[in-house]
Structures are given as structure tokens and as C-alpha cells.
Amino acid sequence: MSIRHFFNKSIVIKRLSSVSGYKKKFVSTGTIDAHLQKITDESTFQIYGTLGATHKAWCDVDSDIKEGDKVVDSDGNEYDVVATNKQDFGQNVHLEVILKKYDN
């Protein structure tokens, strides 16, 4: 069973890559659909040890998102990827992504 009907945002994944010589820059690696929401449960902080985490995203289990990436949602909000957790068992197979949003 898919969780696609819950997806509410398109997000752009950005990864640090060498662009020229020793220069590095965050470059877009792709755009995916995901469900994004603010973290409200204390258990997430305890499980991942991510006291600064502010949001969670759920997406397709095969999405190429790694810790250290940046994510930009369709509203222009930017998040750092703090942790990922692959849920590849049961009926609702998905990738859970723990994010940290910085307020400007």
C-alpha cells in the first residue's frame, strides 16, 4: 500500500558537491513529492537525539535523501536533513526524514 495520497508538498533535494577544483556548492539532485509536517511529539527527539529537529517528511522509500542534504519545499522554506529512517516493512512502506528548519 502506498502513502502517496498523503503527499502535500514538492521538495527539492540539494546535496553538497564539488563544482570546480576545491569549490563546493549545494546543487539540486532532484524534486520529489512528500508529506511534510511540524514535529509535535517528544518521542522523535528521544529516538533520533535531534533536539533541534523541527519537521518530519515522509516520501517514497526509494527517494535519494541523505543526512547532510538540504531540502527546499514548494513554499521556499529551507531545511537541513538531520536523519533518515527507512520503513521498508509492512503495508505503508516509506522513508521518514527528520528535518531542521532555520528561521530567517
Checklist line | Student check: side-chain heavy atoms of Ile11 and Val97 closer than 4.5 Å | finding: no
Next item on the list: Please report the shortest heavy-atom distance between Lys100 and Val82, naming the atom on each side.
Entry: CB-CG2, 3.7 Å
Next item on the list: Look up atom CG in Asp62 and atom NZ in Lys86, then write down how far apart they are to the nearest 0.5 Å.
Entry: 6.5 Å
Item checked: Smallest separation among heavy atoms of Trp58 and Phe7, with atom names -> O-CE2, 3.6 Å
Item checked: OG-NZ distance between Ser17 and Lys25, expressed to the nearest 0.5 angstrom -> 11.0 Å
Check: If you take all heavy atoms of Arg15 and Thr29, which pair is closest and at what distance?
Finding: CB-CG2, 3.7 Å
Margin query: I'd like to know if the side chain of Asn8 and the backbone of Leu36 have a donor-acceptor N/O pair within less than 3.5 Å.
Written below: yes
Note to self: Just so I know, are the side chains of Leu99 and Val81 near enough to count as touching, which here means a heavy-atom distance under 4.5 Å?
What the structure shows: yes
Next item on the list: First locate atom CG of Asp73, then atom CD of Glu78, and finally report the distance between them rounded to the nearest 0.5 Å.
Entry: 10.0 Å
Margin query: Pair Asn85, Ile98 - check side chain to side chain contact (heavy atoms under 4.5 Å, CB included), show working.
Written below: CA-CA 8 Å; Asn85 184 13; Ile98 308 300; over 6 Å; no
Next item on the list: For the residue pair Asp75 and Lys9, establish whether any side-chain heavy-atom pair is separated by less than 4.5 Å.
Entry: yes
Checklist line | His94 side chain reached by Val61 side chain, heavy atoms, under 4.5 Å | finding: no
Note to self: Do Asn92 and Gln87 make a side-chain contact, defined as non-hydrogen atoms from C-beta onward lying under 4.5 Å apart?
What the structure shows: no
Note to self: Quick check: closest heavy atoms across Phe26 and Lys70, and the distance to 0.1 Å?
What the structure shows: CE1-CE, 3.5 Å
Next item on the list: Report yes if some heavy atom in the side chain of Asp69 is under 4.5 Å from a heavy atom in the side chain of Asp64; otherwise report no.
Entry: no
Note to self: Show the nearest heavy-atom pair for residues Cys59 and Asp33, with the distance to one decimal.
What the structure shows: CB-O, 3.8 Å
Next item on the list: Return the orientation label for the Tyr79 and His55 ring planes: parallel under 30°, perpendicular over 60°, tilted otherwise.
Entry: perpendicular
Checklist line | Close side-chain approach of Thr84 to Lys66, heavy-atom, < 4.5 Å | finding: no
Checklist line | Check: Ile13 and Ile32 side chains under 4.5 Å, non-hydrogen atoms | finding: yes
